[in-house]
Undergrad: 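For reference, the structure I am asking about is given below.
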2 protein chains.
Amino acid sequence: MEPVSTEHVTTLRRFNRYFTRRIGALDDHYLGQDRPLGEARLLYEIGDGASLRELRSRLGLDAGYLSRMAKALEAQGLVRITVHPQDTRLRLAELTPAGRVEVKEQNRRANRLAEGLLSGLTPAQRGQLTESLGTAQRLLRLAAITVELVDGAAPDARACLDVYAADIDARFPEGYDRAALVQPHEVSGDTGAFLVAYEEGRPVGCAALRRLEPGVGEIRHVWVHPAARRLGLARRLLAELERQAAERGYGVVRLDTHATLTEAQAMYRACGYTGIPRYNDDVYGGYWFEKSLPKPPLIP
Amino acid sequence: MEPVSTEHVTTLRRFNRYFTRRIGALDDHYLGQDRPLGEARLLYEIGDGASLRELRSRLGLDAGYLSRMAKALEAQGLVRITVHPQDTRLRLAELTPAGRVEVKEQNRRANRLAEGLLSGLTPAQRGQLTESLGTAQRLLRLAAITVELVDGAAPDARACLDVYAADIDARFPEGYDRAALVQPHEVSGDTGAFLVAYEEGRPVGCAALRRLEPGVGEIRHVWVHPAARRLGLARRLLAELERQAAERGYGVVRLDTHATLTEAQAMYRACGYTGIPRYNDDVYGGYWFEKSLPKPPLIP
DNA sequence: CCCTACCTTTGACTACAGTCAAAGAAATAT
DNA sequence: ATATTTCTTTGACTGTAGTCAAAGGTAGGG
């Protein structure tokens with residue numbers, strides 16, 4: 001991997017210092033107002049209802065601490081806590097009308113704060129700021145996502161394929177038959193690979209490689225969770241999978257895409273793939289692509 | 001002022017949430033490590049030495065709280081506290097060699113964290129992120145700066161002119177004579193104005209308006225502190241001063257600039273000023289500009 | 001049916017962050 | 001010379017955040 005230039009590190013750190021001290025701290029202070037910050041955050045996070053378990057993982061809180069805060073909010077009449085109908089170990093928290101009012105008030109305060117800040121800028125500058133922040137957030141999210149090689153039979157791998165199958169089943173006019181998915185053993189070991197992308201511990205994308213014929217690998221199931229799209233994650237998965245393919249001795253990789261997935265086709269072309277004639281009898285294939293890989297560096 | 005669009009507010013708030021929770025919180029956690037966060041911040045802020053008074057205002061801490069923390073750091077051998085030689089009410093804090101080591105270690109950790117984040121991006125993406133963050137920070141700083149109309153005799157006004165005079169005295173080949181500065185009464189009241197820009201309570205720029213002849217105002221001493229340059233603050237001061245001029249019934253404003261200040265000349269042209277012949281006998285003038293102002297809106 | 005894993009609650013703490021008021025010492029203004 | 005202001009220190013607090021361990025109830029696998 002390329003070394004990180006000090007200029008980039010400095011800018012990120014300077015921004016971080018400036019932003020957390022000036023904007024973030026202000027925001028926290030206003031959000032809480034007459035309520036402890038922890039409670040205010042919890043209230044906000046409950047939103048349209050959530051289980052304590054979920055809240056705990058989202059906010060990264062200790063179970064006991066959370067339990068007590070939830071109880072305090074319940075005592076204040078802001079939250080109603082019920083037992084999960086299916087799994088009675090779980091507790092569900094939801095806002096009461098009073099809680100909803102409180103959250104609305106939080107939102108109003110935060111909006112006013114943001115408006116106050118933005119009002120110091122001209123409309124053109126506001127647009128520029130919005131664009132910069134959007135770009136920065138996209139890139140920061142992408143940077144925080146890790147791509148890992150997992151076994152084709154790993155639960156996360158299967159979970160990704162489940163969502164993937166449901167996703168394209170809804171998108172293909174003819175639906176999608178799960179029988180077309182790769183088998184775990186095809187995408188594991190010396191000839192195959194399965195990559196899962198994680199954002200904050202949750203799988204948000206995948207990509208699979210299997211052997212097609214000697215020297216030729218096939219890339220399949222490149223998929224990104226809807227909430228993680230437009231970050232450039234698919235390209236990253238693809239690049240990483242190509243590295244894996246080269247390491248496994250493949251000189252060429254092929255793939256097919258459904259005729260309806262025009263964005264995917266554009267991406268493959270942009271990543272150096274060229275259209276080729278049909279190479280398989282996949283019923284979902286509409287376009288076929290191929291890319292030659294560089295020889296892997298010899299690791300002594 | 002134009003209303004702030006919800007899109008801009010939403011983007012700013014979303015970014016704020018994401019950044020403070022994900023990046024900022026992480027940073028704080030790593031910075032502190034085995035030391036309370038307050039102490040870690042104080043240590044960092046002391047840097048090459050500072051008075052307790054200064055630290056208090058920079059960090060926004062309670063006097064008692066700060067005094068105790070400083071003492072704790074001194075007891076740990078990280079900080080040396082001495083009495084100010086001129087004003088014995090003041091205490092000066094500076095790092096001991098051990099303190100310096102500790103701060104270096106903090107820096108190393110923070111750098112590693114930033115590098116870890118950036119290493120997930122391609123060099124091109126890193127460049128894009130750096131640029132976005134730079135732009136965003138510029139704009140956020142600008143947005144947080146307030147411009148206020150003050151009396152020409154106000155301490156902040158005179159303080160600005162002092163720094164201004166010293167600044168250009170160093171820049172003009174022939175130096176600068178303070179006698180050329182405006183008098184307080186010229187830039188106050190119905191015919192004059194004095195604007196001071198504040199960033200976090202400190203004056204970081206100024207601009208003055210005085211009467212030149214009936215219907216014609218003169219803009220003078222447009223100045224921005226070196227630490228606040230390249231944010232677009234001069235333009236903002238200028239625009240606000242033009243509003244003040246229009247309000248005071250001036251249909252035209254004029255100004256002159258020294259021949260060496262080429263950036264200033266470019267800015268005036270970009271702001272709608274056009275070159276005119278010499279209109280005064282200012283020894284520092286090298287270029288003369290003029291701009292017609294719109295009629296002020298009638299306030300009933 | 002039993003065992004294990006999971007989720008929550010409760011009790012008992014700790015440490016950090018921060019506030020307030022009183023008082024002392026030195027500088028500055030009048 | 002006196003009054004006022006400024007800066008710091010000290011004592012006495014408070015509230016929030018967060019940790020750890022024990023215990024009790026429930027779900028799911030074998």
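Chain letters run A, B, ... following the sequence lines, proteins first and then strands; every chain starts at 1.
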Undergrad: Can Glu105(A) and Arg108(A) be counted as an ion pair, charged N to O under 4.0 angstrom?
TA: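 Salt bridge between Glu105(A) and Arg108(A), a charged N being under 4.0 Å from a carboxylate O: yes.
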Undergrad: Which residues, if any, of residues 75-91 of chain A bring a heavy atom under 4.0 Å of DNA chain D?
TA: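 When residues 75-91 of chain A is checked for heavy atoms under 4.0 Å from DNA chain D, the hits, listed by number, are Gln86(A), Asp87(A), Thr88(A), Arg89(A).
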Undergrad: Does atom CZ of Arg53(B) have more than 12 heavy-atom neighbours from other groups under 6.0 Å away?
TA: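 Counting neighbours around CZ of Arg53(B), 12 or fewer heavy atoms of other residues, nucleotides or ligands fall under 6.0 Å, so no.
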Undergrad: Let's see if you get this right: which residues in residues 55-72 of chain A place a heavy atom under 4.0 Å from DNA chain D?
TA: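 The stretch gives Asp62(A), Tyr65(A), Arg68(A) as the residues lying under 4.0 Å from the strand, ordered by number.
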Undergrad: Report yes or no: does Arg210(A) contribute a side-chain atom to a donor-acceptor pair with the main-chain N or O of Val182(A) at less than 3.5 Å?
TA: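 No, the answer is negative, given that no donor and acceptor are paired below the 3.5 Å cut-off.
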Undergrad: Which pairs of donor and acceptor atoms, one on a side chain in residues 63-72 of chain B, lie under 3.5 Å apart (sequence neighbours left out)?
TA:
none

Undergrad: Under 4.0 Å from any heavy atom of chain A: name the first and the last nucleotide of DNA chain C that qualifies, 5' to 3'.
TA: dC6(C) to dA12(C)
Undergrad: Tell me, which of residues 45-54 of chain A have any heavy atom that sits under 4.0 Å from an atom in DNA chain C?
TA: Leu52(A), Arg53(A)
Undergrad: Is any side-chain heavy atom of Thr146(B) closer than 4.5 Å to one of Glu148(B)?
TA: yes
Undergrad: Does Arg141(B) have more than 12 heavy atoms from other residues, nucleotides or ligands lying within 6.0 Å of its CZ?
TA: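 Count over threshold, so yes.
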Undergrad: Measure the spacing between CG of Leu140(B) and CG of Leu118(A) and express it to the nearest 0.5 Å.
TA: 8.5 Å
Undergrad: If you measure from the Lys or Arg side-chain nitrogens to the Asp or Glu carboxylate oxygens, is any gap between Glu54(A) and Arg202(A) under 4.0 Å?
TA: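 Looking at Glu54(A) and Arg202(A), the cut-off is not met.
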Undergrad: Given atom CG of Leu37(B) and atom C1' of dT16(D), what is their separation to the nearest angstrom?
TA: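 So the CG-C1' distance, Leu37(B) to dT16(D), works out to 15 Å.
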Undergrad: Measure the spacing between NE2 of His221(B) and CG of Leu181(B) and express it to the nearest 0.5 Å.
TA: 4.5 Å
Undergrad: Salt bridge check, Arg178(A) against Asp169(A): does any charged N sit closer than 4.0 Å to a carboxylate O?
TA: no
Undergrad: Taking atom types as modelled and ignoring hydrogens, do the side chains of Glu39(A) and Gln76(A) form a donor-acceptor contact shorter than 3.5 angstrom?
TA: yes
Undergrad: Angle class for the Phe19(B)/Phe15(B) ring planes (parallel below 30°, perpendicular above 60°, tilted otherwise)?
TA: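 Correct class here is parallel.
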Undergrad: Between Glu186(A) and Arg220(A), does any NZ, NE, NH1 or NH2 come within less than 4.0 Å of an OD or OE carboxylate oxygen?
TA: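 Here Arg220(A) does not pair with Glu186(A) in a salt bridge, since their nearest N and O are not under 4.0 Å apart.
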Undergrad: Report the distance from atom CG of Leu113(A) to atom CG of Leu117(A), rounding to the nearest 0.5 Å.
TA: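 Result: 7.0 Å between the selected atoms.
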Undergrad: Could you tell me the separation between the CD atom of Glu199(A) and the NE2 atom of His225(A), rounded to the nearest 0.5 Å?
TA: 10.0 Å
Undergrad: Quantified as the angle between the terminal helix axes (five pairs each), what is the overall bend of the helix from dC1(C)-dG30(D) to dT30(C)-dA1(D) to 10 degrees?
TA: 30°
